[in-house]
Amino acid sequence: MNHTHQELIRDVPLLARLPEEELRALASKGHVHDYRSGAAIFHEGDPGDALHIVIEGGVRIVVASRKGEEATVALLGPGECVGDLALLDGKPRSASAIASGRTKTLVVRRDDFTQWLAERPKAMFALLETLSLRVRRTDEALADFAFLDLNQRLAKRLLDLAIVQQDGRDLSGAQIRITQAELASMLGVSRESVNKQLNQFARDGWIALKRGLITLKRPDSLRTFELDVA
């Protein structure tokens with residue numbers, strides 16, 4: 001397993017605090033899978049038998065209603081992991097994972113991971129920390145839905161996506177590669193509603209729009225708008 005894969009494993013919150021030798025041991029158990037744009041990495045209900053770490057491209061996490069309607073709950077990029085809950089319980093997938101663009105993932109099978117973990121009980125603390133972060137994010141999302149209107153949630157989501165893609169750097173000029181349909185799916189609203197507000201942000205000079213691309217021009221204005229709760 002090459003050095004790049006070991007670096008990616010180090011960046012996963014689940015594993016970030018582990019010593020180099022333990023990361024090397026886990027990296028040696030992984031293998032790379034390639035996916036074309038739109039291909040399913042796994043479907044909701046599939047066996048939870050592996051962890052995927054994104055190497056290139058991106059992954060869209062999708063849940064479906066009983067009526068067949070889909071909602072995008074997350075967009076993940078390089079260094080982020082998919083299927084970490086499966087490492088704990090091995091139960092069926094709770095959502096589908098779809099490649100967003102040509103994508104590569106480093107795959108670690110659950111049996112290999114649990115064997116590795118059994119030999120390193122201290123790693124369990126990293127696992128618990130990751131679960132704590134997941135619960136906090138869920139609580140934050142519920143609060144946003146309860147207290148922010150659609151336009152404020154859209155502004156916040158644009159900022160959150162830009163922060164991930166900029167890796168903490170200045171957000172002015174940050175480019176977010178996402179379609180309006182994907183944004184609408186993430187927010188649980190119609191594409192028309194998202195299109196209307198994005199165009200208003202563009203008229204205000206806060207963003208610039210191109211097909212599949214949003215550029216932040218005045219992120220501070222978006223942040224002020226997001227926080228302006230009546």
Worksheet item: What distance separates His33 NE2 from Lys104 NZ, expressed to the nearest 0.5 Å?
Response: 12.5 Å
Response to the item:
In short, Phe225 meets Gln197 closest at the heavy-atom pair CZ-NE2, 4.4 Å
Practice prompt. Answer with yes or no whether the hydrophobic clustering places Ile98 together with Val107; edges join I, L, V, M, F, W, Y residues whose side-chain heavy atoms lie under 4.5 Å apart.
Written response: no
Worksheet item: Do Ser100 side-chain atoms and Gly58 backbone N/O form a donor-acceptor pair below 3.5 Å?
Response: no
Worksheet item: Any idea which heavy atoms bring Thr105 and Thr103 closest together, and the distance?
Response: CG2-CG2, 4.1 Å
Worksheet item: Donor-acceptor pair, Arg93 side chain versus Phe42 backbone, under 3.5 Å?
Response: no
Fill in: Rounded distance [0.5 Å steps], CD in Glu182 versus CD1 in Ile176
12.0 Å
Discussion item. If I compare all heavy atoms of Arg60 with all of Thr72, which pair ends up nearest, and what's the gap?
Written reply: NH1-OG1, 3.1 Å
Practice prompt. With rounding to the nearest 0.5 Å, note down the distance linking CG in Asp49 to CG in Asp112.
Written response: 11.0 Å
Worksheet entry | Flag side-chain contact, heavy atom, 4.5 Å: Ile41 against His52 | yes
Worksheet, complete the sentence: Here the pair of heavy atoms bringing Gly30 nearest to Val108 is CA-CG2, 4.1 Å
Practice prompt. Go through the steps to decide whether Gln200 and Asn151 satisfy the test side chain to side chain contact (heavy atoms under 4.5 Å, CB included), and finish with yes or no.
Written response: CA-CA 10 Å; Gln200 183 60 57; Asn151 300 337; over 6 Å; no
Practice prompt. For the pair Ile214 and Leu183, evaluate side chain to side chain contact (heavy atoms under 4.5 Å, CB included) and give the outcome as yes or no after the intermediate values.
Written response: CA-CA 11 Å; Ile214 300 171; Leu183 264 176; 3.7 Å; yes
Item to complete: Please name all residues satisfying side chain to side chain donor-acceptor pair (under 3.5 Å) with Asp111, sequence neighbours left out, ordered by chain then number.
Response: none
Worksheet entry | Spacing of Leu187 atom CG and Lys156 atom NZ [to the nearest 0.5 Å] | 11.5 Å
Worksheet item: If every non-hydrogen atom of Leu222 is compared with every non-hydrogen atom of Ala155, which pair is closest and at what distance?
Response: O-CB, 3.8 Å
Fill in: Single-linkage hydrophobic cluster Ile207~Leu159, side-chain heavy atoms < 4.5 angstrom
yes
Worksheet item: Are Trp206 and Leu213 connected in the hydrophobic side-chain network, where two residues link if heavy atoms are under 4.5 Å apart?
Response: no
Worksheet, complete the sentence: Separation between OG (Ser190) and CD (Gln180), nearest 0.5 Å, reads 11.0 Å
Item to complete: Might you point out which heavy atoms bring Glu44 and Ser96 nearest each other, and give the distance in Å?
Response: N-OG, 2.8 Å
Discussion item. Please check: side-chain N/O of Glu80 versus main-chain N/O of Gly77, any donor-acceptor pairing under 3.5 Å?
Written reply: yes
Item to complete: Check whether Val189 and Val62 end up in the same hydrophobic cluster, where Ile, Leu, Val, Met, Phe, Trp and Tyr are linked by side-chain heavy atoms less than 4.5 Å apart.
Response: no
Discussion item. I'd like to know if the side chain of Thr224 and the backbone of Asp220 have a donor-acceptor N/O pair within less than 3.5 Å.
Written reply: yes
Worksheet item: Rounded to the nearest 0.5 Å, what separation is found between the CG atom of Asp149 and the CD atom of Gln152?
Response: 4.0 Å
Worksheet item: For Asp204, does its backbone N or O pair with a side-chain atom of Arg218 as donor and acceptor, under 3.5 Å?
Response: yes
Discussion item. Run the side chain to side chain donor-acceptor pair (under 3.5 Å) test against Thr215 and tell me which residues pass, sequence neighbours left out.
Written reply: none
Item to complete: Output, in order, the C-alpha distance, side-chain angles, deciding distance and verdict of side chain to side chain contact (heavy atoms under 4.5 Å, CB included) for Leu158 and Leu198.
Response: CA-CA 10 Å; Leu158 292 175; Leu198 285 175; 4.0 Å; yes
